[in-house]
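For clarity, every value in this text was computed on a predicted model and none was experimentally measured. In what follows, chains are A, B, ... by sequence order, proteins preceding strands, each numbered from 1.
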Amino acid sequence: MENTRVRFAPSPTGELHIGGVRTALFNWLFTRNRGGRMILRIDDTDKQRSSPVFLDTIIRSMQWLGLNWDEGPQIETEGGQDSYFQSERQAIYEEEAQRLLDEKKAYYCFCTAEELQAEKERQRRVKQPPRYSGRCRNLTSAEREKLKEDNSFVIRLLMPQEGTTVVRDLIRGEVTFDHTNFDDFIIVRSDGLPTYNFASVVDDYKMGITHVIRAEEHLSNTPRQQILAQRLGYNIPQYAHVPMILAPDHSKLSKRHGATSVQEYRKMGILPEALINYLALLGWSPGDDREIMTIEEMIELFSLEKVSRNPAIFDLDKLIWLNGHYLRTMELQTIAERARPFFQENAEIWATCRESRLEIEDVIDLVRDRVKTLREIVDASTYFYLEDFSYDEKGTKKHFRKGTGDILKKVAEVLEQTEPFTADVIKKELQRLSKELKISPAKINLPVRLAVTGRTMGPDLFDIISLLGKEKVLARFKKVEELFFKEPNGV
RNA sequence: GGCCCCUUCGUCUAAUCGGUGAGGACACCAGCCUUUCAAGCUGGCAGCAGGGGUUCAAAUCCCCUAGGGGUCACCA
């Protein structure tokens, strides 16, 4: 087997998008499956929109997800490229552009943006496809030199006027394009920088890329790139165009549909394991009924043949479900580490967290079955750390009734005597009390839960009581008595 | 508008060379479990875009129509 080399080439003009990561993931799974190499290249030829801030967040997103690369930024590679930033590879593009110019495969174009705009308008009015006329194709060298003196120019590739180009796509099969659809596209902009189509083709070749796996939106560009590669005398890589990810309304995924960037999902409390697993399932399936897979399984099972051809709709519900699954099945230690930053965000909780003897692990162990994100873990844990929580209004109406005060008083008496203060013993004691008072366990447990946590739902009550400890629990009973049951003539 | 891609439950998908009661998962509903809420378990609802062919037999092959998406930038 050839040495597989794939690349993921984001442009640092925004956060790492959910569609982008899926593409990165498929590249990564593919090359890891074949023992190949993953190259991270930064396509920053758009000087205006590129920013180091975005570069930073893209790299951090990749690292967070564990999508590592063998060549690219932050990696020293023996025998690798001098740079994996297109902005630092200008000399290469200039050389290749000059070669095309010398061989008359490309030419200078002096048309202004206004002229081209007007041309397109005209074509649109007569319902013609917008194409460049090729006006500057046949300038004489004298004309050209004269124009170059005081006009800006771009370089265009001379495209064939007839014939067809066939793209052999690993996912879609052979796709044929008629050359009459193409006009002479720009390969070097007026500022001297290469366009995407040009830089990408040059770099894919210079970097020895064997498989170009990218989003379907690039399929229409591929014949242009193949022709360009041919003009440059390059071998073309194999192509695979993966389907796009769409929003629930079938439109392109955008901010108005909710979170679109990896960082947003991280901040929501999504685990990288869950995001990876979910994304892998979006447009790919292992062929059997498996849904939950380790990264090793995914690597082993991945193949481009199993990638679907139709666009997939992003289903947040399923991602959340997977996240819940990982939350309750992964190592408690790991979950605690991942949850810690979310606790730290809440200064008040974090302060008590640190001085409290309540281990965060113990709390998480109790609540993680009931939540779906890391962020929700904190919400579900507040009453373990804070004393001034409020009491659920509906709950108090329902469970704090006449006579409840007496019951709570009895419970408090029992708990005071309970030793050891473990969930098992507490449970037995309260069961005994319920028999003794001839009332159902619910009549005791529901008001007790409300008194201790302020809520009507949550983890096992006896676990909560035991974990909080006798002192805190009794104090909370006392507080409830004063807040709800203190009347002049007693209850 | 031209060109290109796509079309199985609401959503993600499975179904070796055409022969299946069209399978799984999320969501939804019901039951079980139970001190609450979850989780878990069990069951249920729900699909081959439409129309023509080819064939003994079509989700699967061919054609047409419709719908969705992409592209036609000095953005990638």
Side-chain angles (χ1 to χ4, degrees), chain A residues 9-11 13-14 43-46 48-50 109 113 116 120 123-124 126-131 152-156 167 169 171-173 175-178 180-183 185-197 199-200 214-224 241 243-244 246 248 250-252 278 281-292 306 308-322 324-325 328 367-372 380 395 399 427 430-431 434 440-446 448-450 453 455-462:
Chain A
S11 81
T13 54
D43 284 9
D44 55 352
T45 53
D46 186 339
Q48 272 72 43
R49 296 196 300 146
S50 293
C109 170
L116 295 172
K120 267 176 206 166
Q123 287 163 335
R124 207 157 47 96
V126 284
K127 295 215 193 291
Q128 292 287 307
R131 297 174 77 245
S152 68
F153 57 84
V154 299
I155 300 175
R156 288 180 185 270
V167 175
D169 188 279
I171 293 170
R172 279 151 219 286
V175 185
T176 306
F177 294 86
D178 201 306
T180 53
N181 296 312
F182 303 139
D183 59 0
F185 64 93
I186 294 170
I187 57 174
V188 176
R189 298 190 275 235
S190 53
D191 61 3
L193 296 179
T195 58
Y196 164 75
N197 278 317
S200 175
R214 53 166 41 155
E216 197 202 321
E217 56 184 328
H218 294 288
L219 182 58
S220 304
N221 270 324
T222 307
R224 286 173 238 273
H241 289 91
M244 313 241 337
L246 267 30
H250 290 266
S251 69
K252 220 167 169 174
Y278 176 70
L281 255 23
L282 213 53
W284 174 77
S285 92
D288 54 25
D289 287 341
R290 252 184 281 197
E291 299 257 323
I292 290 162
K306 290 251 167 232
S308 131
R309 281 175 299 277
N310 27 329
I313 288 165
F314 189 84
D315 181 12
L316 185 62
D317 278 339
K318 189 153 183 178
L319 169 61
I320 297 280
W321 167 76
L322 264 167
H325 170 84
R328 72 186 93 90
V367 303
R368 67 165 165 173
D369 265 12
R370 296 164 172 78
V371 298
K372 300 213 183 288
H399 302 298
K427 185 174 184 178
L430 291 192
Q431 278 172 344
S434 109
S440 69
K443 276 265 189 299
I444 294 181
N445 293 334
L446 295 173
V448 167
R449 173 182 295 279
L450 192 56
T453 70
R455 306 187 188 190
T456 57
M457 54 181 88
D460 181 273
L461 178 61
F462 314 110

Can you measure [X] atom [atom1] to [N] atom [atom2] for me and round it to whole angstrom units?
X: Arg309(A); N: U60(B); atom1: CZ; atom2: C1'; result: 12 Å
X: Trp321(A); N: G40(B); atom1: CH2; atom2: C1'; result: 13 Å
X: Phe177(A); N: G2(B); atom1: CZ; atom2: P; result: 16 Å

Of the nucleotides [options], which has the atom closest to the [X] side chain?
X: Asn181(A); options: G2(B), C72(B), A14(B); value: G2(B)
X: Ser220(A); options: U13(B), U71(B), C74(B); value: U71(B)
X: Leu219(A); options: C4(B), C72(B), G69(B); value: C4(B)
X: Arg224(A); options: U8(B), U71(B), C74(B); value: U71(B)
X: Thr45(A); options: U13(B), U71(B), A76(B); value: A76(B)
X: Arg328(A); options: C4(B), G40(B), A76(B); value: G40(B)
X: Lys120(A); options: U71(B), C74(B), U8(B); value: C74(B)
X: Asp46(A); options: A76(B), C72(B), C74(B); value: A76(B)
X: Ser11(A); options: C5(B), C12(B), A76(B); value: A76(B)

Less than 4.5 Å apart, any side-chain heavy atom of His241(A) and any of Val175(A)?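 Counting from C-beta outward, His241(A) and Val175(A) never come under 4.5 Å.
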By ring pair (Phe, Tyr, Trp, His ring centres under 6.0 Å), which residues pair with Phe314(A), not counting sequence neighbours?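 Phe314(A): ring pair (Phe, Tyr, Trp, His ring centres under 6.0 Å) contacts with Tyr265(A), Tyr278(A).
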With sequence neighbours left out, what residues match Tyr196(A) under ring pair (Phe, Tyr, Trp, His ring centres under 6.0 Å)?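 With sequence neighbours excluded, Tyr196(A) shows a ring pair (Phe, Tyr, Trp, His ring centres under 6.0 Å) to His218(A), given in chain and number order.
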Nucleotides 15-24 of chain B: protein proximity per nucleotide (B base, S sugar-phosphate only, - neither; heavy atom, under 4.0 Å): S-------BB
I'd like a list of close polar pairs between nucleotides 31-38 of chain B and the protein, N/O only, cut-off under 3.5 Å.
residue, atom, partner, partner atom, Å
U35(B), O4', Asn445(A), ND2, 3.0
U35(B), O4, Asp460(A), OD2, 2.0
U36(B), O2', Thr456(A), O, 2.9
U36(B), O2, Gly458(A), N, 2.8
U36(B), O2, Gly458(A), O, 3.2
U36(B), N3, Arg449(A), NH2, 3.0
U36(B), N3, Gly458(A), O, 2.6
C37(B), O2, Arg370(A), NE, 2.6
C37(B), O2, Gly458(A), O, 3.4
C37(B), N3, Arg370(A), NE, 3.2
C37(B), N3, Arg370(A), NH2, 3.1
A38(B), O2', Asp369(A), O, 2.8

Tell me what Thr180(A) touches on the nucleic acid: a base, only sugar-phosphate, or nothing, going by heavy atoms under 4.0 Å.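 Answer is nothing: Thr180(A) stays at 4.0 Å or more from every strand.
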Touch check for His218(A), heavy atoms < 4.0 angstrom, all strands: base, sugar-phosphate only, or nothing?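 Here His218(A) touches the bases of the nucleic acid.
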Mind checking what makes side-chain contact (heavy atoms from CB on, under 4.5 Å) contact with Lys427(A), not counting sequence neighbours?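 Testing Lys427(A) for side-chain contact (heavy atoms from CB on, under 4.5 Å), a comparison that skips the adjacent residues, returns Gln431(A), Phe462(A).
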Enumerate all atom pairs, one protein N or O and one N or O from nucleotides 41-47 of chain B, separated by less than 3.5 Å.
none

Between the base of C74(B) and the side chain of Ser190(A), is one N or O donor paired with an acceptor at under 3.5 angstrom?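 By the distance-only test, yes, there is a pair.
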